[in-house]
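Heads up, the thing below is written out as structure tokens.
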Amino acid sequence: MRSLKNTPHVVIIGAGFAGLYAARALAKSGARVTLVDRRNHHTFQPLLYQVATAALSPGEIAYPIRHIFKNSPNVSVLLGRATAFDLEGNRVQLDGDWLAYDYLIVAAGATHAYFGHPEWALYAPGLKSVEDATEIRRRMLLAFEIAERHARFTQAPEAVNFVVVGGGPTGVELAGAVAEIAQVVLASDFRSIDPRSTRVTLIEAGPRILPSFSEDLSASATGQLKKLGVEVMTGTAVTDIDKDHVHVGERNIPASVVLWAAGVAASPLGQLLGVPLDRAGRVHVGSDLSIPGYPHVFVLGDMASVLQENGKPVPGVAPAAMQMGQFAAATIAGDVRGESRKVFHYNNKGNLATIGRSSAVADVKGVKLKGHAAWFTWLFVHVLFLVGFRNRITVVWDWFWAYVSFQRGARLITGISRSIIPPTTAVIQSTHQASQQEQCGVGAGISIQPARKN
Ligand SMILES: Cc1cc2nc3c(=O)[nH]c(=O)nc-3n(C[C@H](O)[C@H](O)[C@H](O)COP(=O)(O)OP(=O)(O)OC[C@H]3O[C@@H](n4cnc5c(N)ncnc54)[C@H](O)[C@@H]3O)c2cc1C
């Protein structure tokens with residue numbers, strides 16, 4: 001992009017894929033950019049499940065935003081939360097402070113949706129942030145520790161049961177990785193339980209898993225999961241979730257750990273803009289990705305509702321968000337040069353989902369791949385787009401080591417106060433009781449009491 005003659009102030013809310021790629025493109029143009037995020041790091045969400053399943057550490061998939069722009073003096077980074085918009089006054093509120101803009105880019109991503117059952121979040125965490133990933137890792141590893149201790153004191157080993165709700169790419173990745181951990185990684189680490197007896201169930205309400213893939217790739221993924229010992233239940237809607245069961249109609253599936261990968265909704269920031277939204281809470285944007293009536297305000301990525309030429313919505317995936325970010329930056333530069341606005345075209349580069357060690361499915365521009373070929377494609381693409389050279393090196397090394405050693409290096413149970421195993425006879429108690437006992441020096445506490453969502 002050529003340098004801008006006038007230098008508009010562009011405020012970007014969200015340093016995810018859309019915000020980051022917009023800021024990078026604008027940094028080169030010379031525009032004044034203020035990039036705001038409620039976290040100090042950019043998260044590479046496609047690899048979150050690897051943190052959740054102990055293959056990678058959080059620092060390998062998250063990168064400090066400030067550091068990304070350390071050589072871009074025209075980009076300033078602010079840690080803060082957008083809390084209100086004044087579209088008529090061209091300003092956005094950050095935790096009470098008002099920040100003026102010439103252009104505003106809103107790219108705050110998506111959040112979990114529990115289909116009108118927010119109470120399920122307590123028992124079935126979703127995966128969107130590093131905090132979610134470490135919480136899932138804690139629950140997963142703790143479930144095996146609890147089973148081991150229970151078996152040791154009662155001589156009655158019980159299987160650990162994992163239930164993953166949602167058969168999209170994230171659910172498939174989680175189910176495959178959990179099964180692999182139980183079957184391979186932990187197989188010989190315990191003395192009183194056999195982790196290979198772990199049950200992993202993947203529940204999908206629709207007729208097949210991976211609905212965004214072709215039917216044959218979806219069938220291949222089902223086969224690859226079954227090979228890993230995952231029970232795949234399709235056409236099955238979850239009706240309730242409590243602390244140790246998932247209910248599907250009359251059937252109750254025992255669950256030591258439940259993972260939610262079933263629904264997403266756009267960031268609630270869309271509602272604050274006061275403009276029309278679609279059913280998933282995404283903002284209807286024009287073909288130039290701006291809000292109708294507000295040409296200086298763009299909504300991008302998972303928050304944007306925009307159609308492709310084939311009439312289908314642009315999907316909520318990382319490449320779409322990146323392309324939108326680059327497009328909005330080019331549009332702003334074009335405005336400054338007095339050019340007319342162009343129409344956003346989504347370039348669909350393909351679909352990828354990994355299932356486990358050497359298993360994946362991929363559809364790259366109509367070329368369908370399964371097994372090893374798909375898995376190597378998946379590895380290559382994810383390393384290519386990971387932010388930070390050091391991260392790429394360490395991730396490749398960790399994957400190589402995991403591949404040859406069958407090990408996962410990040411098997412840490414963190415959050416110690418919530419990780420104390422109760423006596424075998426104890427019932428689950430409230431966090432308050434547990435913390436009181438800890439203060440009194442009593443060793444009993446809470447096991448997998450769900451963490452509060454942030
Ligand atoms: C577990 C998981 C796996 C995925 N796997 C894949 C995959 O394999 N391939 C693929 O293409 N896509 C994948 N996706 C989807 C992809 O990650 C998203 O489509 C993409 O991240 C959307 O980019 P975005 O910029 O719109 O939002 P995000 O990347 O979510 O970024 C939003 C940013 O906004 C910030 N923010 C939110 N609210 C506020 C606020 N009020 N104030 C300030 N900042 C705020 C957040 O902290 C965040 O940094 C996956 C998503 C998840 C959750």
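Numbers here are sequence positions counted from 1. In each ligand, atom 1 is the first atom listed, and ligand 1 is the first ligand listed.
Using modelled atom types, one finds a donor on one side chain and an acceptor on the other under 3.5 Å when comparing Lys365 with Asn347. Thr83 and Gln93 are linked by a side-chain donor-acceptor pair at a separation below 3.5 angstrom, with hydrogens and angles left out of the test. Side chain to side chain, His296 and Ser290 fail the donor-acceptor criterion of an N or O pair below 3.5 Å. For His245 and Asp240, the side-chain atoms include no donor-acceptor pair closer than 3.5 Å.
Ligand 1 lies nowhere less than 4.0 angstrom from a heavy atom belonging to Ala353. Using a 4.0 angstrom heavy-atom cutoff, His382 counts as in contact with ligand 1. Residue contacts with ligand 1 leave out Met303, since none of its heavy atoms falls under 4.0 Å from the ligand. Put simply, no part of Pro169 is less than 4.0 Å from ligand 1, judged by heavy atoms.
The closest donor-acceptor contact from the side chain of Arg411 to the backbone of Ala54 lies at 3.5 Å or more, if one exists at all. When atom types are taken as modelled, the side chain of Arg282 and the backbone of Asp302 share no donor-acceptor pair closer than 3.5 angstrom.
Closest to atom 39 (C) of ligand 1 among all protein heavy atoms lies Arg38 CD, 3.8 Å.
Annotation for ligand 1: atoms under 4.0 Å from non-hydrogen atoms of Thr170 are 1 (C), 2 (C), 3 (C). Counting the atoms of ligand 1 from 1 in the order shown, those under 4.0 Å from a heavy atom of Gly316 are 15 (C), 19 (O).
Between Arg24 and Phe69 there is a side-chain heavy-atom pair separated by less than 4.5 Å. In this structure the side chain of Ile291 reaches within 4.5 angstrom of the side chain of Leu273, judged on heavy atoms. In this structure, the side chains of Leu26 and Val75 stay at 4.5 Å or more apart for every pair of heavy atoms.
By the 3.5 Å distance cut-off applied to N or O atoms, Leu48 is not counted among the residues near ligand 1. Residue Glu173 has no nitrogen or oxygen atom sitting less than 3.5 Å from a nitrogen or oxygen atom of ligand 1, judged on distance alone. Checking only distances, His41 never comes within under 3.5 Å of ligand 1, N or O to N or O. Of the N or O atoms in Asp37, one or more lie within a sub-3.5 Å distance of an N or O in ligand 1. Checked by distance only, ligand 1 and Gly14 stay at 3.5 Å or farther apart across all their nitrogen or oxygen atoms.
Relative to atom 43 (C) of ligand 1, the option among Gly80, Ser129, Ala108 with the closest non-hydrogen atom is Gly80. Of the listed residues (Ala82, Pro46, Gly16), the one carrying the non-hydrogen atom nearest atom 9 (N) of ligand 1 is Pro46. In this comparison of Gly301, Gly325, Ala318, the heavy atom closest to atom 11 (O) of ligand 1 sits on Ala318.
Checked against a 6.0 Å centroid threshold, the rings of Tyr114 and Tyr123 do not count as neighbours.
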